[in-house]
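Just so it is clear: chains get the letters A, B, ... in the order the sequence lines come, proteins before strands, and each one is counted from 1.
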There are 2 protein chains.
Amino acid sequence: MSRMPPQGGDLSRLRQLNALSLIKVLRGAEAATLSALAGRTGLSRPSTKEVIDELTGLGWVEEVPPAPGTMGRPARRYRFRADGGHLMGVDVGAHNVRAALADLDGNVVAETRRRTRPDAPVADRLAAIEQAAAACLDLGGLTMADLWTVAVGTTGLVTPEGRVIMSASVPAWRDLDLAGLLGGMFPCRVLVENDSRLAALAETRRGVARNARDVVFLHIGRRMGTGLIIDGRLHRGFGAAAGEIVMLPEAHWVTAPDDLADPAVVPTGVPPEDAAGFTLAAARNNDPAALEAVGRFADKLSIGTAAAILLLDPEIVVLGGGFSRSADVLLPLLRSRLERVCLRMPELRASTLGDECVVLGAIDYAIEHLDRLFFAPDAPVLRPPVRPAVSTAVPDPA
Amino acid sequence: MSRMPPQGGDLSRLRQLNALSLIKVLRGAEAATLSALAGRTGLSRPSTKEVIDELTGLGWVEEVPPAPGTMGRPARRYRFRADGGHLMGVDVGAHNVRAALADLDGNVVAETRRRTRPDAPVADRLAAIEQAAAACLDLGGLTMADLWTVAVGTTGLVTPEGRVIMSASVPAWRDLDLAGLLGGMFPCRVLVENDSRLAALAETRRGVARNARDVVFLHIGRRMGTGLIIDGRLHRGFGAAAGEIVMLPEAHWVTAPDDLADPAVVPTGVPPEDAAGFTLAAARNNDPAALEAVGRFADKLSIGTAAAILLLDPEIVVLGGGFSRSADVLLPLLRSRLERVCLRMPELRASTLGDECVVLGAIDYAIEHLDRLFFAPDAPVLRPPVRPAVSTAVPDPA
DNA sequence: CTACTAATGATGGACTCCTTAATAACTCTC
DNA sequence: GAGAGTTATTAAGGAGTCCATCATTAGTAG
């Protein structure tokens, strides 16, 4: 009957649970005193001390100077050593490859970008990834050996095993064992996931949808995409094909972006990648033809979005992707259309993370992967912070 | 960050975890020997014995005669006392009210049904519920006081608090505090949930979708409905309005059933409730007009279904509801339409639970509620099997 | 310098689990 | 039907983890 928290066991298991619970409390928080930690874990002071000592010895926790100016004897303070390990997020797009290096708390330490062309051959794009990663490590003063996990977000359909089936925006990205190829590039576990899904994750972890349990993320741009967070977790589906509402014929999402590149609105000479921006700007200035074009786009956008809202009843819908820079124009149009259809209207917000959305999501995804490794019920024995072994076996027990 | 299994604590907490883990192993399984239990929980034999003794003392577990004919000394055998408590599932429909009494393993002990009319006033339908429940208890030789939880599935939109906003098939069911009204009828916790959702739950727990993690359940009948199981759990959504794809205008689900009552196919004189059955039977016999009508229905059905599949990528789609009795006609039509659109085609099966679907789902829902109560991380202290207190407070921490 | 405050460190007791070894109950073979 | 073989039960000793309590320590306030 469903997955089960109540995992008892040995005495040492209890100690381990308490240690993990302590790490959990320390994570992300500022330095804390023993009393505070004892209060938050429910353990007694002496036990907390003992566990903290063990964790300090292992290198998970470090002591920081006591806070001055308090009454009584100054309390020793401890904090989680987020620099005990590092992970990397990579965003592989049609025009850019981004890499970001982060510590175990998800704080970005260094960031790089390499340009590529949509029609670049596979080898070139892989080289760009390698260069971006190497430069990023350099900037952060680290080496490959310091990486615990790499998570990669890419355009296209990604299988649970990390193969790219095909990508509309990167023609060469087709039936490609990306996880395998990158597995040879990095000496650690490499996770590959669809970019829209990772963007959705970033928005729920640190963006406008922070702390929401059910989120629909819409990537609206020259290519459309969706990412779903359900019950606080990234939803992949049985064959990792979730979120592909783009393919619903009745929603016309495949051709919808063309509405914003209507020759009746956009003068010849405007490069294709700026056409939508032009139309949206014109609509902002009440150009009638542009308004009509944007209206057509919003009509189509609203169909797929309504389907997602009616099915999932999310707390919030987040708009990301290139077009979301003109959310001031799009949001009201979308909202009015959705209100006609939706039983319960969710919050509707534009992304604030912008271009970094996918790399940040990749980092958050890597962190969740590590959390699963460390907090799993069938637990890792308490051990010093070292890079987890590269288990090429199971892709990801969700 | 996310909900956390690693909940450590006291020594007694460890004992409790082990006891719960033991109950979990015993649940649903046949009687087992100590060695078997020790093996499955990971505990040592002496510890297992001690915990079992405690649970036996509390009344959760009972000893059964040893299995004869084995080598060596016969092992004592223990089993979970499923009759330690009872719960009731109720299905409130337009034409029928069903009630079923079950033990803690979900085995149905007794079952009753009362007829009502769709236009019956609220008081009449409530009386039918009370009568069905009373008769059911009688049949099972129990009283109200033996009930731990009652779960009710009803047509219509149900809020997280158990109010019925409105129901298309039961006009009187409108802005009604059903949970409150029934709370006065039963001396225990009463849960109210949409019937299609409960049917979806039953199919995943004991029907054709057994053990699937992601399931889309389609209720197809004179009223359409959906229930979603995501990651093994019933998905309700932020405002408990999930699964209402019926409302998507482009899918035409509201009028779709009318296709099967086309006057060009159904002779006058056939009562409205049999019209669809007539059309489907005619289609089975290759009546051209009927085939066309069923084709139109399948077209509409496939739109909403495709939306759900593309978004969620379920492992399996289950067809339930009245029309699913003609699944042999409908399934192939639906499948061929979906195959044109879906990226990954899920399994497509007809329900086998039939009319009992909702009551069984209600029972499973009640069991999950109890499981949450007993296995929650902030745990109940180990206690004898008694009916949990009626906490009118929190509706349901999903 | 003294009183007050709050954290630290050390001791003893309680509880849970494990390992090991002796005992008990039943089947099978001769 | 007695003895060998097999498996479960029972009991005792040991180790690990947590808690409560109390004397001690290192600051601030007046």
Item to check | Backbone of B:Asp105 reached by a side-chain donor or acceptor of B:Asp103 within 3.5 Å | outcome: yes
Next on the checklist: Using the rule side chain to side chain contact (heavy atoms under 4.5 Å, CB included), only one of A:Asn18, A:Leu26, A:Val25 pairs with A:Thr41; which is it?
Outcome noted: A:Val25
Checklist entry - Do A:Val51 and A:Leu55 touch side chain to side chain, with heavy atoms closer than 4.5 Å? => result yes
Checklist entry - Taking C-beta and beyond as the side chain, do A:Leu191 and A:Val150 meet within less than 4.5 Å on heavy atoms? => result no
Checklist entry - Quick one: what's the B/S/- string for nucleotides 8-15 of chain C, heavy-atom cutoff under 4.0 Å, read 5' to 3'? => result BS------
Item to check | Integer-rounded Å distance: D:dT17 P and A:Gln16 CD | outcome: 11 Å
Checklist entry - Reckon A:Thr33 touches a base, only the sugar-phosphate, or nothing at all at heavy-atom distances under 4.0 Å? => result nothing
N/O donor to acceptor pairs below 3.5 angstrom from side-chain atoms of residues 61-71 of chain A, sequence neighbours left out:
unit_1	atom_1	unit_2	atom_2	d
A:Glu62	OE2	A:Arg79	NE	3.1
A:Glu62	OE2	A:Arg79	NH2	3.1
A:Glu63	OE1	A:Arg76	NH2	3.0
A:Glu63	OE2	A:Arg76	NE	2.9

Item to check | D:dC18 phosphate, OP1 or OP2, under 4.0 Å from A:Ser44 side-chain N/O | outcome: no
Checklist entry - Between atom CD in A:Glu50 and atom P in D:dA20, what is the gap in whole Å? => result 15 Å
Checklist entry - To the nearest angstrom, how far is B:Arg15 atom CZ from C:dC18 atom P? => result 10 Å
Item to check | Distance-only donor-acceptor check, side chains B:Thr204 and B:Arg210, under 3.5 Å | outcome: no
Checklist entry - Relative to the 5' end of DNA chain C, which residue comes earlier, B:Leu14 or A:Met71, by the nucleotide with the nearest heavy atom? => result A:Met71
Checklist entry - Do the side-chain N or O atoms of B:Asn18 get closer than 4.0 angstrom to the phosphate oxygens (OP1, OP2) of C:dC17? => result yes
Item to check | Protein-nucleotide distance (A:Leu17, atom CG; C:dC17, atom C1'), rounded to Å | outcome: 15 Å
